[in-house]
Asks: 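Structure below; questions to follow.
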Amino acid sequence: MILILRPNTDHASDEFGLLIRYLESLNGIDTKIHEVEGAGQRLTEVYLIGDTARLSRDFMSSLPCVKRAVRVQESYRFLGRHGQDDLPHHFKYNGVTFGQDTFNVFAGLCAVDTREHVQQMMEALKAHGQTCTRMGAYKPRTSPYSFQGHGKDCLPYVFELAGTFGIRIIAMEVTHEGHIDEIAEALERTGQPTGVMLQIGTRNTQNFELLKAAGRQQTHPVLIKRGFGITLNESLNAAEYLASEGNRNVIFALRGMKTNLGDPHRNLVDFAHVPVVRRLTRMPVCIDPSHSVGSRESSPDGILDVMHATAQGVIAGANMVLVDFHPAPAKALVDGPQALRLSELGLFLDDVRIAREAYLKRLDAMLAHQKTPHSRS
Ligand code: PEP
Ligand code: MN
């Protein structure tokens, strides 16, 4: 059960103290308090965990400070939407806000290879007014003989360059708990010039110990990719691991499913699930068109499949795009064939803007329709 408190409830007030003391007196029920930043107000949610079936919703709704009590679906207790629950969940990290109504592009290198390429990528991003990027230092590869990423050795120059070019957040995959510490140490040593969003890759979606480690820390938000061979429900439960350990700043990424039925794309593009994830959970939804499509093929209209897939996700309401670019795709050590060129960054961003505007127009049309008297008949 979640108790949603009245907006801006003062945690120092007598009423709040009374509520908490009562909740603590309930046998077999643990209490977890979570603050949510709403638009212009602070919301507090109190999670009751344990044998809550015996609690009456009406009675719990009548307790001091409580606006509403909601019975939660067991599976996505922290990240899910529950019944009438239309509460927003936003979080801000290093000056960038994320929610189901925000939109951010993370264009960058699949893998850091050379310092020059990192610099060229970041220069191009700055020239286009971008403040977020992706940079892989730890690469999970199919073959043990493939380039595994430069690991912690590249972090100092990646972070310093990010600071130089005004990059606020780098999405960076971690494949081991130790990588989180290495990132924190490198950020500390370089004077925190940027922020890092930890990425859990599709191969690690159900690496529960890694999820718990990324969930225990609350410094970095986490981008979790949908597992490529498991159900959506299983992947959403994986995201819930992060939140259950304390980190609710979680973004869920669709990146295509592994099946030959998606051929000739690398994975079966699953962006029709953007609205589904937004309906089931409060997580902002990211799409990764690069790992979904996996090539630079284009259709007869000349538009790259990667850009078509991006537009499909964005027009369906995606909140974030993670996309591979490279200054010299032929020289990339990982995923060169799917990388867009720096000369295409402006075109890509324009295309994304068109799709986002189209989504917002669709939303306006829907809202106008709902206001008409006969919209339900
Ligand atoms: C990546 O984004 O670099 C990556 C490896 O993606 P995925 O986990 O979706 O394969
Ligand atoms: Mn890749």
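As the structure lists them, so they are numbered: ligands from 1, and atoms in each ligand from 1. Bear in mind that the values here come from a model prediction, so they are computed numbers and not experimental data.
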Asks: Under the side-chain hydrogen bond (donor to acceptor under 3.5 Å, both in side chains) rule, what pairs show up with a residue in residues 288-312, not counting sequence neighbours?
Replies: K225-D288, H265-D305, D288-H291, H291-D335, H291-Q338, R296-E344, S299-D301, S299-H308, D301-H308
Asks: Between Q120 and E116, do the side chains contain an N or O donor and an N or O acceptor separated by less than 3.5 Å?
Replies: no
Asks: Output the list of atoms in ligand 1 that are nearer than 4.0 Å to some heavy atom of T202, sorted by atom number.
Replies: 7 (P), 8 (O), 9 (O), 10 (O)
Asks: If you look only at pairs with a residue in residues 313-331, which of them pass as a salt bridge (charged side-chain N to carboxylate O under 4.0 Å, His left out), with sequence neighbours excluded?
Replies: R134-D324
Asks: Taking 4.0 angstrom as the limit and counting only heavy atoms of G201, give me the atoms of ligand 1 inside it, by number and element.
Replies: 8 (O)
Asks: Any atoms of ligand 1 less than 4.0 Å from a non-hydrogen atom of K139? List them with their elements.
Replies: 1 (C), 3 (O)
Asks: Quickly, which of E182, H179, Q148 forms a side-chain hydrogen bond (donor to acceptor under 3.5 Å, both in side chains) with Y138? Name it, please.
Replies: E182
Asks: Which of the numbered atoms in ligand 1 are under 4.0 angstrom from any heavy atom belonging to Q199?
Replies: 1 (C), 2 (O)
Asks: Show which atoms of ligand 1 fall inside a sub-4.0 Å distance from at least one heavy-atom site of R255.
Replies: 7 (P), 9 (O), 10 (O)
Asks: Using the ring of F165 (Phe, Tyr or Trp, six-membered ring only), decide whether K126 places NZ or CZ under 6.0 Å from its centre and within 45 degrees of its axis.
Replies: no
Asks: Provide, to 0.1 Å, the distance between atom 7 (P) of ligand 1 and the closest protein heavy atom, together with that atom's residue and name.
Replies: K225 NZ, 3.3 Å
Asks: What residue pairs, at least two apart or across chains, pass ring-ring contact (aromatic ring centres under 6.0 Å, His included) with a residue in residues 324-364?
Replies: H117-H326, F325-F348
Asks: What atoms of ligand 1 come within less than 4.0 Å of a heavy atom belonging to E173?
Replies: 4 (C), 5 (C)
Asks: Would you mind reporting whether M135 and M121 have side-chain heavy atoms less than 4.5 Å apart?
Replies: yes
Asks: Can a non-hydrogen atom of G136 be found less than 4.0 Å from any atom of ligand 1?
Replies: no
Asks: Measure up the H89 and F91 rings against each other and bin them: parallel (under 30°), tilted (30 to 60°), perpendicular (over 60°).
Replies: tilted
Asks: Please state which protein non-hydrogen atom is closest to atom 4 (C) of ligand 1 and give its distance, to 0.1 Å?
Replies: H291 NE2, 3.5 Å
Asks: Pull out every atom of ligand 1 sitting under 4.0 Å from any heavy atom of C110, numbered as shown with elements.
Replies: 3 (O)
Asks: Compute whether any side-chain donor of one residue and acceptor of the other, for E24 and Y22, lie under 3.5 angstrom apart.
Replies: no
Asks: Hey, which protein N/O/S atoms does the Mn ion (ligand 2) have under 2.8 Å?
Replies: C110 SG, H291 NE2, D335 OD2
Asks: Side chain to side chain contact (heavy atoms under 4.5 Å, CB included) with E177: which of E209, K212, R216?
Replies: R216
Asks: Is a donor on one side and an acceptor on the other found under 3.5 Å between the side chain of R278 and the backbone of Q100?
Replies: yes
